Amino acid sequence: MTNLSSLTLAQMRDGLKAKKFSAVELATTHLDAIEKNNPNMNAFITITRDRALEMAKASDARLATNAGGAIEGIPVGVKDLFCTKDVLTTAASHILDGFKPPYESTVTQQIWNAGGVMLGKLNLDEFAMGSSNMSSYYGPVKNPWGTTSALVPGGSSGGSAAAVAANLCPIALGTDTGGSIRQPASFCGIVGIKPTYGRCSRLGIVAFASSLDQAGPITRSVRDSAIMLNVMCGHDPKDSTSAPRAVPDFEKALTGNIKGKKIGIPKEYRPDGIDPEITAMWDRGIALLKDAGAEIIDISLPHTKYALATYYIIAPAECSSNLARYDGVRFGLRVEGNSLTEMYEKTRASGFGNEVKRRIMIGTYVLSAGYYDAYYKKAQRVRWLIADDFRQAFEKVDTILTPTAPSAAFGFDYKPSNPVEMYLNDVFTVPTSLAGLPGISIPGALNKDGLPLGLQLIGKAFDEETILNVAHTLEQSIGFNARP
């Protein structure tokens, strides 16, 4: 009998339509797998068994009449940064204890409208701040590839990536601010795409950095990502950052024909000391694309070296502003004090973890009088230069190929000497986010320790179709089918 939990979204969709199995069977299989494995992995914060089975029964009723949406009956895991009506939403922070939103995020509502079945809410770095999923108030998530020692799944969407890799759900929602979909996908040997900024609504996503945050899917294949983008994308009049653009059929873009496509290879993504296994995987990807008929063109993105410094000024500044709302007055944790000010202080001191406090303090500093021009304003100018590098590059090429991350997944026991060392995990993903461009990570190879390494494709704004098609072609050529 087919192992239902190992199927891709596309296979589940076709199987449900052919009546090979039911939505209830799919949901039950995944819920049982979660119940068995989550105590060790810690991927889910909240499991919504009753709601999942209720939604699955409704899907079966629609499927029985050959009705239903694009992902009717498909189980979905939701990063616990999306507001889900009447379901605990924590952002993996103590400060949101007990918060059950009175409304649904736009993206999750679109998924339920298309027939998705909610399995539960997935763990993450607190308020999406991190690259390891070690900063969650609910504890770290274990990467299923860590068979002999505990490995991080990447972050911040670590729970989402780990759950998909471990067959706890076929698809999961993530958010990407500086690489938080792509880097975990790389660490867990699966596919993750960050759409163009503005392609998906941010309404109902707990905000970290408003000019960078973007929702996207984490899946087992490029086709599954294309199917999910068809459901998730679209203009939302309630979100002023949502782009009023038509949504193409992303799945139809997967033709497998990339003859004549121009692929840019940026020299700045080969820094001194880069892991030779990363370079070898990248070079193999280049060769495979060339064999498929693409033209390889060397390009330069000269301001790449300033991207991390720029990001770690802009993102904390926006975090400092966004997280000012958590004060113990309206929702979440409240620690009483002898005065209103003391209540604020005690609530925030108790409610936020160390990484969040660090970023709030950095952000408040760079926005303060006397430092705004020197740091924040200058960072915004450099951000424009980084975006302009990409603009000039895309006058010559159709997409850009790079590694996703500078290493494979590292262990729980990794102790950086300072926070900047941890931030370096985002060195290949941050420039794309600062420019607001789409980027996708696919599995590229296994390293000598048997751990996955990822390749990233970066596209022009609102040209997800090209990177999906090139990624699909490369995925078929690589033939990566290893599973933890």
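Quick caveat, the model's predicted, so the values are computed rather than measured. By convention here, the first residue in the shown sequence is residue 1.
- For the side-chain hydrogen bond (donor to acceptor under 3.5 Å, both in side chains) test, residues two or more places apart in sequence or in another chain that qualify with D388 are R391, Q392.
- K142 and N42 share no side-chain donor-acceptor pair at under 3.5 Å.
- For the pair R483 and W145, the cation does not sit on the ring face, since its NZ or CZ is not both under 6.0 Å from the ring centre and inside 45° of the axis.
- Q214 contributes no side-chain N or O that, together with a main-chain N or O of P195, makes up a donor-acceptor pair within less than 3.5 Å.
- Using a 3.5 Å distance cut-off with no hydrogens or angles, the side chains of S157 and K79 do pair a donor with an acceptor.
- Sorted by first and then second residue, the side chain to side chain donor-acceptor pair (under 3.5 Å) pairs involving residues 114-133 (not counting sequence neighbours) are D80-K121, T84-K121, T89-K121, S93-E126, N123-S136, D125-S135, S131-D426.
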Per-pair distances, 0.1 Å, donor-acceptor, side chain in residues 441-456, under 3.5 Å, sequence neighbours excluded:
from, atom 1, to, atom 2, distance (Å)
S441, OG, T404, OG1, 2.9
N447, OD1, D449, N, 2.9
N447, OD1, G450, N, 3.1
N447, OD1, L451, N, 2.9
Q456, OE1, R182, NH1, 2.7
Q456, NE2, T402, OG1, 2.9
Q456, NE2, F428, O, 3.0

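- With 3.5 Å as the limit, one finds a donor-acceptor pair spanning the side chains of D239 and T241.
- Donor-acceptor pairing under 3.5 Å is lacking for the side chains of T29 and S5.
- Atom CE of M55 and atom CG of L119 lie 9.5 Å apart (nearest 0.5 Å).
- Between the side chains of T108 and S105, a donor-acceptor pair is found at a separation under 3.5 Å.
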Evaluation steps, salt bridge (charged side-chain N to carboxylate O under 4.0 Å, His left out), between E251 and R13: CA-CA 13 Å; E251 191 177 5; R13 176 188 64 180; 3.0 Å; yes

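- In this structure, a donor-acceptor pair under 3.5 Å is present between the side chains of T466 and D463.
- With hydrogens and angles left out, the side-chain atoms of E318 and S210 include no donor and acceptor closer than 3.5 Å.
- The CG atom of L4 sits 5.5 Å away from atom CG of L26, with the distance rounded to the nearest 0.5 Å.
- Nearest heavy atom pair, residue T399 against residue I458, reads OG1-O, 2.7 Å.
- Both tests hold for R245 against F462: distance to the six-membered ring centre under 6.0 Å, angle to the ring axis within 45°.
- Between F390 and F394, the ring-plane angle classifies as parallel under the 30° and 60° cut-offs.
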